[in-house]
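Lettering of chains follows the sequences in order, A, B, ..., and the numbering in each one begins at 1.
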Amino acid sequence: MRWSTYFIPTLREEPADAEVISHKLLLRAGMIRQLGAGIYSYLPIAQRSVLKISNIIREEMNAIGGQEFYLPAIHPAEYWQESGRWSIMGDNMFRLKDRKGGDYCLGMTHEEVMTDIARNELRSYKQLPQVWYQIQSKFRDELRPKSGLLRVRQFTMKDAYSFDIDQAGLDKSFDDQRGAYCRIFSRCGLDYVIVEADTGAMGGSASNEFMVYTNAGEDLVASCHACGYAANVEKAKSRIPDVDDGDIEQAVEKFPTPGVHTIEDLVTFSGGAAADRQIKTLIYVSVAEKGNDSKSTPFLALLRGDHPLNEVKLANAVAKLANKDGWEQTAIRPAHPEEILELMGANAGSLGAVGVTKAWVFVDEALRGRRNMTTGANEDDHHLRGVSLERDIKVTDWADLRLVAEGEDCPNCETGKLQVGKALEIGHIFKLGTKYSNSMGARVLNSDGKEVPVIMGCYGIGVERILAAAIELHNDDAGICFPITVAPFQIVVTPLNVKDAELKSIGDRIYEELAGAGIEVLYDDRDERAGVKLNDADLIGLPFQIRIGPRKLKEGKVEFYDRKTRQSEDVPVDHVVKLAIDRIHEELVKLS
RNA sequence: CGGGGCGUAGCACAGCCUGGUAGUGCGCUCGGUUUGGGACCGAGAGGUCGGAGGUUCGAAUCCUCUCGCCCCGACCA
C-alpha cells in the first residue's frame, strides 16, 4: 500500500475532548473519527486492525466447532418481550417503530434471535451440541458514552451461543470457549486476567469476565497475589476480623443525638460508637414490572457502619424475593427523602431497623451474631444503643451485601491480601442454563424421549475494545506500539527523501519484494520531510520500519527499526528484506 | 437524570467581562529555497461565530429558549 494515495489523516495536535490514551492515539493516528456521542467511523487503518482481530476470533471460534451466522440488527419487539428483556433493558435499548406502529429494537445481543432459531429447528438431543456465533454490530444507548472506543453506542461484538442437552455438555462448551478466549487475547498481545463476575441482566448461573488492567477501565477487580483469586468487585468476597462486642448482652436504650446524621458524626459524638459497632440502615426501592404494570417496593439494607454497600449484590439478593407472581425486578435505586419519611417515620440520619415489620430487611453477613450495636431510632435526632441483631431486628434475609476493600484478607487462601485495580472488560462468558430456553420454549427430546429445555451458554467479546486495549497497553510518548497481530500493517518502508532518485528506487524495490513475499507492507512514498514521515510512522505504531537515508546508503546500508524497543540496526541493502521477513515471522510466532 | 465545562476556518485556540470592519498558530493551495526527527520566505483560499428568538442604530459579545459535545456524579442517609 502506498501512503501517498492511502487515507491516514494523522493529527499533529492533540484533540481537545479526548481523555484516555487510546482515544487520543486513535484520533491522532487517523484511525477513527467521531460521528456523534459514542458513535465512531473507522477509517482505513482502523478497519484493517478490526478485520485482523475479527479473523483471529473467527479462527479460534471455528477451531472449537463454532459456526458463523449473520443475523439481523433490527428485531421485532415480541422476541424481547418473550424473554422478558424488553422491560429489563430499559433505556439502554434503542427502540423504534415501523410505519405501521409496530415496535422494534436494535439488537443489544442476540440471545433471542439465536434461541428462536434453536427452538424452531432443534428437535432432538442428537442434534446437540451446537455452537453458533456471529461477529456484528450491537447497539446500546449507554448512559454515558465515553473514552473513545471503550464505551460506545454502536460497536462490534463477537457473540457465541452454545446449546447442550445437559449440564455436562454446557460445562464442556463453556470450557471450550474459555480456552478459545485465552488463545484469542494472547494472540492479540493482551495481558488479561480471568475473574469471577456478576451475571447481571444476562441471567444464568456462572460467569467469567476477561479483564485487562488499565486505568482507562471502568471496572474494579479484586485480586490476591498469593493464590490467584480474582473477582470483579461486584462479586468479590473477603474475610474480615471479628469485632469484640463485649461479654454482656445489654438492653436496648434510646438516647438523644441532636445534629448527628452520619456514621462519622456518631463516632465522635459523646456516648456514640465506633463505626464498626454501628449498624448502617439504607433505604432502597425495588422497581419491578409485570406486563405493562410497574411497582416500587421500598426496603431496608443493613450493613456495619464502616462497610460500603455493593449495589449489585443487594439487587441480586432482593431479586430473589421481588421476582414472584410474574413480577420481574428491573432495577433498584436509593429511596427518595419523602419515601424514606413515609416508610420509616423519620429522616435519613436517624434510621434503624428495630421494630420494622412492614418492609423487607436485608442484612449483611458481617452483622450476623453482632450484639450491643448502635443504630438510628427511627425518630429524628435519636439513636438506640444495646441493639442485638437476632434479638431486636426482624431479619427478612441474610446476604453478602458488602463491597470489599483493598487490603482485606483473601476469601480463598490463608495468607493473601486483596488488591483492587481498575480494569477493562474485553470478554464475558456465561452459563445461561435454561433462562432463555424456558422463557422462549426451546426444547428437545432427550434419549428417554422426554422433552427437556436446551441448556445454553453465551459468550461475548468486544472487538473494538481489543483494539483500544492493545493501544492502552502498548504505547509510548511517540505513539502506538502495536502487537504485530493487530497492527494495520506489519512494516513501513520509508525513503527519507523521495526526490532523491536513488533512495526512491531502493525503496520501490524493497517495497515490491516485501509485498511479493506476502508481507503486509505500507510504503511511505510521500513527498514529506523526513521528520514528518518518521513521526507519523512512530505514531501509527507499525512494529517495524525500514528507513532508507543518504547517510547510511553511502555505506550500502539501510536501517531496520524496531518500534517497540526504538532500536535500529544498520543492514546491507541486499539483506534487509530477508531480515524483515525473518523478524516479522519471529513476532508472529511469539503471538501464535 | 443532577452538577460543571465547552460550541468562533480542517485542527488547537484568542476575541465575549466593557456591543462598533472576525483574529493567531498549525494544516491546505500556488511559487521559490530547503531535505535524517513535525523547515523557511512570499502570495492565497477558507468562517451565515452550533441553531432560533429577543434587546439595540448596531450582537461572536447582552437576555431567553433550544441542539450538540466533553467531564464528574447518579452506592455509604
Side-chain angles (χ1 to χ4, degrees), chain A residues 9-20 23-24 27-28 30 33-39 90-91 143-148 151 218 220 233-234 260-266 275 278-285 300-315 331-337 339-341 343-344 346-353 364 375-376 378 380 383 401-403 405 477-479 494-500 503-504 526-539 545 547-554 558-559 561 566 568 570:
Chain A
T10 58
L11 300 175
R12 182 175 301 196
E13 291 182 81
E14 227 166 57
D17 50 14
E19 203 73 10
V20 304
H23 188 195
K24 289 178 187 170
L27 285 167
R28 285 231 292 138
R33 289 296 184 262
Q34 185 176 40
L35 190 64
I39 308 174
D91 292 335
L143 199 54
R144 188 147 82 82
K146 60 183 233 182
S147 306
R151 184 164 292 281
E218 296 182 295
L220 291 171
V233 291
E234 291 178 348
V260 170
H261 296 294
T262 66
I263 302 288
E264 208 41 48
D265 289 346
L266 196 56
Q278 297 185 38
I279 303 168
K280 176 157 61 182
T281 307
L282 306 175
I283 314 302
Y284 265 72
V285 174
L300 283 67
L302 271 49
L303 291 128
R304 203 172 88 181
D306 56 338
H307 285 162
L309 171 70
N310 184 329
E311 262 194 3
V312 174
K313 290 179 178 176
L314 180 61
I332 63 167
R333 60 167 173 82
H336 302 140
E339 291 171 322
I340 294 175
L341 188 60
L343 180 72
M344 306 295 287
N347 289 294
S350 305
L351 303 177
D364 182 55
T375 187
N378 269 345
D380 283 355
H383 280 74
L401 304 178
R402 178 172 61 90
L403 191 67
D477 56 358
T494 309
L496 293 175
N497 180 359
V498 295
K499 288 204 177 125
D500 182 322
L503 299 187
K504 179 67 163 41
R526 294 176 301 166
D527 182 12
E528 288 285 356
R529 299 181 69 79
V532 172
K533 297 170 77 148
L534 295 177
N535 280 317
D536 273 349
D538 285 349
L539 177 61
Q545 303 174 14
R547 300 169 168 183
I548 307 157
R551 284 202 314 236
K552 298 289 167 50
L553 198 59
K554 277 186 205 141
V558 295
E559 284 169 70
Y561 176 87
R566 302 185 84 164
S568 70
D570 299 339

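Listed pair A/Arg529 / B/rG38 fails the phosphate criterion, with no side-chain N or O lying under 4.0 Å from OP1 or OP2.
Base contact: A/Asp536 has a heavy atom under 4.0 Å from a base atom. As judged by a 4.0 angstrom heavy-atom cut-off over every strand, A/Ala18 is placed among residues making no nucleic acid contact. Within the 4.0 angstrom heavy-atom criterion, base atoms lie near A/Arg547. In this structure, A/Leu496 reaches the bases: a heavy-atom distance under 4.0 Å links it to at least one base atom across the strands shown. Among the atoms of the strands shown, base atoms are found under 4.0 Å from some heavy atom of A/Ile283. If you check every strand for non-hydrogen atoms under 4.0 Å, A/Arg28 touches a base.
Considering only residues two or more places apart in sequence or on other chains, A/Ala353 meets the side-chain contact (heavy atoms from CB on, under 4.5 Å) condition with A/Leu300, A/Leu302, A/Val361, A/Ile393. Partners of A/Ser350 according to the side-chain hydrogen bond (donor to acceptor under 3.5 Å, both in side chains) rule, which considers only residues two or more places apart in sequence or in another chain, do not exist here. Annotation: side-chain hydrogen bond (donor to acceptor under 3.5 Å, both in side chains) contacts of A/Asp536 (sequence neighbours excluded): A/Thr10, A/Arg526. With sequence neighbours left out, A/Pro9 forms a side-chain contact (heavy atoms from CB on, under 4.5 Å) with A/Phe7, A/Arg33, A/Leu43. Remark: A/Glu559 pairs with A/Lys552 by the salt bridge (charged side-chain N to carboxylate O under 4.0 Å, His left out) rule, at least two apart or across chains. For A/Lys499, the side-chain contact (heavy atoms from CB on, under 4.5 Å) partners two or more places apart in sequence, or in a different chain, are A/Asn497, A/Asp527. Residues that satisfy the side-chain hydrogen bond (donor to acceptor under 3.5 Å, both in side chains) test with A/Asp306, not counting sequence neighbours, are A/Arg304. The side-chain hydrogen bond (donor to acceptor under 3.5 Å, both in side chains) search around A/Glu13 returns none, not counting sequence neighbours. Every residue was checked against the side-chain contact (heavy atoms from CB on, under 4.5 Å) condition with A/Glu19, not counting sequence neighbours, and none meets it.
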Show me the protein contacts with nucleotides 72-74 of chain B, counting only N or O atoms at under 3.5 Å.
residue, atom, partner, partner atom, Å
B/rC72, OP2, A/Arg144, NH1, 2.9
B/rC72, OP2, A/Arg144, NH2, 2.7

Atom pairs, protein N/O to nucleotides 13-16 of chain B N/O, distance under 3.5 Å:
none

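Atoms CG (A/Asp527) and P (B/rG32) sit 13 Å apart, rounded to a whole Å. In this structure, the CD atom of A/Glu14 is 18 Å from the P atom of B/rG38, given to the nearest Å. If you measure from atom CG of A/Asp538 to atom C1' of B/rG36, you get 13 Å, rounded to the nearest angstrom.
Across all strands shown, B/rG10 pairs with B/rC26; the Watson-Crick or G-U wobble distances both stay below 3.5 Å.
Residues A/Gln278 and A/His383 are not in side-chain contact: their nearest non-hydrogen atoms beyond the backbone lie 4.5 Å or more apart.
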Let me have a per-nucleotide readout for nucleotides 23-30 of chain B, 5' to 3', with B, S or -, counting only protein heavy atoms under 4.0 Å. --BSS---

